[in-house]
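Start at 1 and go down the list; that is how both ligands and their atoms are numbered. These values consider heavy atoms only, across backbone and side chains, with no hydrogens, waters or symmetry-generated copies.
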Amino acid sequence: MTIQWFPGHMAKARRQIEEKLKLIDIVIELLDARIPLSSRNPMIDEILRNKPRIVLLNKADLADPDVTNMWVKYFADDGLQALPIDASSGNNMSLILARCKEILQDKIDKQLSKGMTPRAIRALIVGIPNVGKSTLINRLAGRSIAATGDRPGITKSQQWIKVGKEMELLDTPGILWPKFEDQMVGYRLAATGAIKDEILNVEDVAFFAVKHLILHYKEAFAKRYSLEVGEVDLDNPHEVVEIMEAIGKRRGCLQSGGTVNLEKASLVILHDLRSGKFGRLSLEKP
Ligand code: G4P
């Protein structure tokens with residue numbers, strides 16, 4: 001695999017998040033519900049240290065609900081509250097504040113006992129690219145916030161976005177990097193569209209996706225392409241490629257000479273997967 005993450009970039013991203021931690025009460029860690037661990041930065045515990053944190057499993061509308069429930073339990077066993085959400089439709093938005101208040105209850109109680117009026121909870125959203133950070137910020141803000149990003153040479157004062165009366169968000173989310181040295185992690189990220197198609201070979205990614213679909217979601221997969229999918233030996237690459245070719249034939253992905261263009265067929269399969277054409281599915285289980 002040829003993906004490189006330059007240590008310098010990582011160090012800078014990390015520094016930026018660490019600076020922001022001083023300003024906030026709680027971190028909102030955004031993960032993709034279909035691939036919670038693969039979409040997570042493996043150094044996150046080290047970066048956030050003891051900062052209170054809530055995990056949001058975004059794009060839950062696309063994920064297998066049974067598997068998402070397993071993930072909620074997985075995180076709970078690890079001492080973290082995880083809440084499935086769907087930032088694009090706004091599902092479970094009101095629960096985010098409620099859960100953050102629960103997590104910070106001790107701190108709030110202390111302020112109350114000293115006769116202080118607790119101020120709005122200050123939060124920072126962090127996550128890898130494409131996980132839905134901007135969508136969530138806009139949804140919580142109830143309006144469109146221009147994606148400013150961190151531009152070199154421009155020192156921008158920190159802006160707070162009000163979420164009702166009880167919460168404020170930092171306007172620029174913390175951008176984390178995924179770690180795809182593990183090939184399976186790379187395939188999961190690519191299959192969900194978290195990393196660009198140019199980075200990995202699309203045929204390899206589609207091959208991985210087809211194996212996963214046959215293993216876990218065979219009925220929906222066969223139905224989508226009106227195929228008879230009998231017993232398939234998933235350890236035999238030829239059998240898997242034959243199925244990809246059959247899909248290519250059905251979808252008119254042909255090249256001169258009438259043979260199947262496997263790259264085109266792969267793009268069709270990946271497009272269908274990313275847009276939920278096989279129904280709700282997860283690519284990773286606890
Ligand atoms: P980022 O800031 O973390 O980089 O992610 P961003 O909000 O830009 O979201 C990346 C893509 O994920 C967007 O789609 C967005 O619509 C989609 N998305 C975000 N949250 C959800 C969700 O809960 N469910 C679903 N199904 N999709 C979600 P896009 O195709 O890049 O753009 P567009 O189609 O919205 O224009």
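- Considering backbone and side-chain N/O of Leu62, none are found under 3.5 Å from N/O of ligand 1.
- By heavy-atom distance, the residue among Ser88, Ser134, Gly127 lying nearest atom 21 (C) of ligand 1 is Ser88.
- Atom NZ of Lys51 has more than 12 heavy atoms from other residues, nucleotides or ligands within 6.0 Å.
- At a 3.5 angstrom cut-off on N or O pairs, Ala60 does not count as close to ligand 1.
- Under a 3.5 Å cut-off, the side chain of Glu284 and the backbone N or O of Leu37 do form a donor-acceptor pair.
- Atoms of ligand 1 found under 4.0 Å from any heavy atom of Val131, numbered from 1 in the order shown, are 3 (O), 5 (O).
- Distances from atom 36 (O) of ligand 1 to the protein include no heavy-atom value under 4.0 Å.
- A side-chain donor-acceptor contact under 3.5 Å links Asn41 to the backbone of Trp177.
- Distance remark: protein heavy atom not present below 4.0 angstrom from atom 33 (P) of ligand 1.
- Between atom 10 (C) of ligand 1 and the options Leu136, Asn130, Ile175, the minimum heavy-atom separation is to Asn130.
- Which of Thr135, Asn138, Ile85, Leu176 comes nearest to atom 9 (O) of ligand 1 through a heavy atom is settled by distance: it is Thr135.
- For ligand 1, the atoms closer than 4.0 angstrom to any heavy atom of Lys133 are 1 (P), 2 (O), 3 (O), 4 (O), 5 (O), 7 (O).
- The contact set between ligand 1 and Asp86, taken as ligand atoms under 4.0 Å from a residue heavy atom, comprises 22 (C), 23 (O), 24 (N).
- Put simply, atom 14 (O) of ligand 1 has no protein non-hydrogen atoms near it, under 4.0 Å away.
- Within a 4.0 Å radius of atom 30 (O) of ligand 1, the protein contributes no non-hydrogen atoms.
- The environment of Lys73 atom NZ is sparse: at most 12 non-hydrogen atoms of other residues, nucleotides or ligands sit within 6.0 angstrom.
- Formation of a donor-acceptor pair under 3.5 Å by the Asp233 side chain with backbone atoms of Glu239 is not found in this model.
- In plain terms, the two heavy atoms of Lys218 and Gly230 that are nearest each other are NZ-O, 2.9 Å.
- Counting heavy atoms closer than 4.0 Å to ligand 1, residue Asp61 contributes side-chain atoms (C-beta onward) but none from N, CA, C or O.
- Gln105 CD: more than 12 foreign heavy atoms inside a 6.0 Å radius.
- Taking every heavy atom of both residues into account, Ala120 and Glu168 meet most closely at CB-CG, 4.0 Å.
- Among all non-hydrogen protein atoms, the one lying nearest atom 20 (N) of ligand 1 is Asn58 ND2, 3.1 Å.
- Nearest protein heavy-atom contact of atom 18 (N) of ligand 1 is Lys59 CE, 3.7 Å.
- The protein non-hydrogen atom at the shortest distance from atom 5 (O) of ligand 1 is Gly132 N, 3.1 Å.
- Taking only nitrogen or oxygen atoms, main chain and side chain alike, Ala87 reaches within less than 3.5 Å of ligand 1.
- A distance of 5.0 Å separates CZ in Arg53 from CG in Leu80, rounded to the nearest 0.5 Å.
- For atom 2 (O) of ligand 1, a protein heavy-atom neighbour is present inside the 4.0 Å cut-off.
- With respect to the salt-bridge test (charged N to carboxylate O, under 4.0 angstrom), the residues Arg119 and Asp25 qualify.
- Heavy atoms only, all atoms of each residue included: Ser282 and Ala33 are closest at OG-O, 4.4 Å.
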